[in-house]
K.L.:
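Please find one structure pasted underneath; my questions will follow.
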Amino acid sequence: MMVSTDPMHQFQISRLLPIEAGGYDLSFTNSALFIAIAVFGIIGFLAFATSNLQTIPGRAQSLAEIWYKFVAGIVHDVNHDDGKPFIPLVFTLFSFILIANLLGMFPYFFTATSHVAVTFTMALFTIGLVVVIGVWKNGFKFLKIFTPSGVPLYILWFVVIIEIFSFLSRPLSLGMRLFANMLAGHVALKIFAGFIPTLAIGLPVIGVFMGGLLVLPLVVGITALEFLVAFLQAYVFAILTCVYLNDALHPGH
Amino acid sequence: MEHETASHASGGGFPPFDQIDTFPAQIFWLVVLLGILYFALSSVLLPKLSKAIDDRDDAIAANVSEAAAASGRADAAVKELEARVAEAKARGRETAARAKAESDARVAAETSRADAALEARLTSAERRIADLRTAAMTNVSGIAEEATAAMVERLSGTAPAPAAVRQSVARVLAASSTEN
Amino acid sequence: MSEDLNQRIAEAQAKLDAQKQPSAIDSAKGMGVGFKMASDFIAAVIVGAGLGWGLDELFGWSPWGLIVCLLLGFITGVKNIVAAATEAARQTAENGSTGLRNMAPKSGQDKGDGA
């Protein structure tokens, strides 16, 4: 396989198994492949870790429990005991985003979470769920999230407009942040890593030194940062899901 | 991996945005696969995991409270033991004191009895000595009278009156006995 | 005699009680807060632009829909940032952690700072 120096090439969707259904193109793409790897990787690991549960856990079980406790901790911190039913949902989103992000760190692997279709589907689903749960639990009182308490009436209409804007910006912010972070990180990584061979070839002696001594540490640093961002974006997505769900359960309290 | 790249393959542009024709496929597979993940997690994996965690927490809590109870029991047992030991010690001291008093009394009785017997024997011995002494004394005065009478008869040729002899002997004896 | 054991039991009990408290996850939250503020601001401006463009298309208000909505979007973005910063600062002051939780622009909870 040729190494492409185009930093955008890594985001190319390719159809691995063309499928056409009801006029829609539902081909199994490289995006779907890596989503599947993430999903079945998570299921496989947790199935392995929970296959032989012990009071004194082994390594896999310990890791699975830390993972679970981390997500349950996020949900409990934000939603307290109301959040119990949402743990599987938050766990699904957090784990999928985390693993998909981390998979993208491997060379030649595809980062499903760097695509707007994926991140905005999750963001819109989350906000849609918030609206559904909010209306289902609170009925019309759910509209209270647009009316902050203690605002004088003559300015309330303006505040409500701002709050509606704010609410509409949530899914955008949620989806945009994830995809933009993954995209920007990978592009930066690709560009800087691409400098090394370019320098080495362009400037036979000095270029190798420059590439090795200046750019390589930078690439290593960006890679480390990318691992942090991969985790952080999953974490932020999970915690904001909890925060928005909390709004649905307790609008304007 | 490049089987059939989508529409605007590597022709400039911005792949994340200009592959709109692949959106239905991406979204479809995302929803299907995340649905599978959610189902697997919520129905099987997470309940198992949370149950294991809860079980362990319960076990630890139970063990800690059990340890606290056992420690309490041990403390109580130690206290009871100490009380028993103190009681036993007191009883021992009492027994020893009683035994000592008894033996002291017996010793005192024996001693006084022995003293009394010794005293009696002593007095009887003293009396006998005194008797013997008076008896001896009477014998001495008799012998002295006879000797005196014999000496006086030898010297004067006449036998003195026995009364006078007895009288003077008695006087001399009394004087000598006072000298002694 | 059993002081040592009692102490160990007390320690274990304290640890157990501490576990029951909600544990704040503190690591790397500052960075998360930063990402969040930036994207909340940009998202609000984009919402304004999109809404304005839509209204212009629908009702032919061009360019006033775009101008007004962009302005509102900008105000919303600033409000989102102020709300997130206020919340983060409040939580930092409260429990010493750069709190990411509840840092969302909580509609209906930001008293008066929407104006």
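Each chain gets a letter, A, B and so on, in the order the sequences are listed, and its residues count up from 1. A quick note: this is a predicted structure, and the numbers were derived from the prediction, not measured.
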K.L.:
By a 4.5 Å heavy-atom criterion (distance strictly below it), what part of A:F40 contacts chain B: side chain, backbone, both, or neither?
P.N.:
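The side chain, not the backbone.
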
K.L.:
Surrounding CD of A:E20 (heavy atoms of other residues, nucleotides or ligands, distance under 6.0 Å), is the total greater than 12?
P.N.:
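Yes, the 6.0 Å shell around CD holds more than 12 heavy atoms from other groups.
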
K.L.:
With a 4.5 Å cut-off on side-chain heavy atoms, are B:Q26 and A:T121 touching?
P.N.:
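The answer is no; the side chains never approach within 4.5 Å.
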
K.L.:
Which of residues 32-50 of chain B have a heavy atom under 4.5 Å from any heavy atom of chain A?
P.N.:
B:L33, B:L34, B:I36, B:L37, B:Y38, B:A40, B:L41, B:S42, B:L45, B:L46, B:K48, B:L49, B:S50

K.L.:
Take atom CD of B:E153 as the centre, draw a 6.0 Å sphere, and report whether it contains more than 12 heavy atoms from other residues, nucleotides or ligands.
P.N.:
yes

K.L.:
Can you measure from CZ (B:R56) to CD (A:Q61) and round to the nearest 0.5 angstrom?
P.N.:
6.0 Å

K.L.:
When only pairs under 4.5 Å are counted, which of A:A49, A:A112, A:P57, A:A38 shares the most heavy-atom pairs with chain B?
P.N.:
A:P57

K.L.:
Using non-hydrogen atoms and a 4.5 Å limit, figure out which bit of A:S31 sits close to chain B: side chain, backbone, both or neither.
P.N.:
side chain

K.L.:
Count the heavy atoms of every other residue, nucleotide or ligand shown that sit under 6.0 Å from CD1 of A:I56, and state whether that count exceeds 12.
P.N.:
no

K.L.:
Where is the tightest heavy-atom contact between A:A117 and B:I27, given as atom of each residue plus distance?
P.N.:
O-CG1, 3.9 Å

K.L.:
Please confirm whether the backbone N or O of A:A36 pairs with a side-chain atom of B:W29, one donor and one acceptor, at under 3.5 Å?
P.N.:
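Such a contact is absent between B:W29 side chain and A:A36 backbone.
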
K.L.:
Between CG of B:L30 and CZ of A:F125, what distance do you get to the nearest 0.5 Å?
P.N.:
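Reported value, rounded in 0.5 Å steps: 10.5 Å.
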
K.L.:
Please rank A:W67, A:F110, A:F120, A:F91 by heavy-atom pairs under 4.5 Å with chain B and give me the top one.
P.N.:
A:F91

K.L.:
For chain B, find which of A:I42, A:L26, A:L53 contributes the most heavy-atom pairs closer than 4.5 angstrom.
P.N.:
A:L26

K.L.:
Taking atom CD1 of B:I53 and atom OG1 of A:T55, what is their separation to the nearest 0.5 Å?
P.N.:
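If we round to the nearest 0.5 Å, B:I53:CD1 and A:T55:OG1 are 12.5 Å apart.
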
K.L.:
Can you tell which part of A:L46 gets under 4.5 Å to a heavy atom of chain B, answering side chain, backbone, both or neither?
P.N.:
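Both parts, backbone and side chain.
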
K.L.:
So do the side chains of A:V116 and B:F23 get within less than 4.5 Å of each other, counting heavy atoms only?
P.N.:
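Yes, close enough: below the 4.5 Å cut-off.
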
K.L.:
Sort A:I19 into side chain, backbone, both or neither according to what part of it lies under 4.5 angstrom from a heavy atom of chain B.
P.N.:
side chain

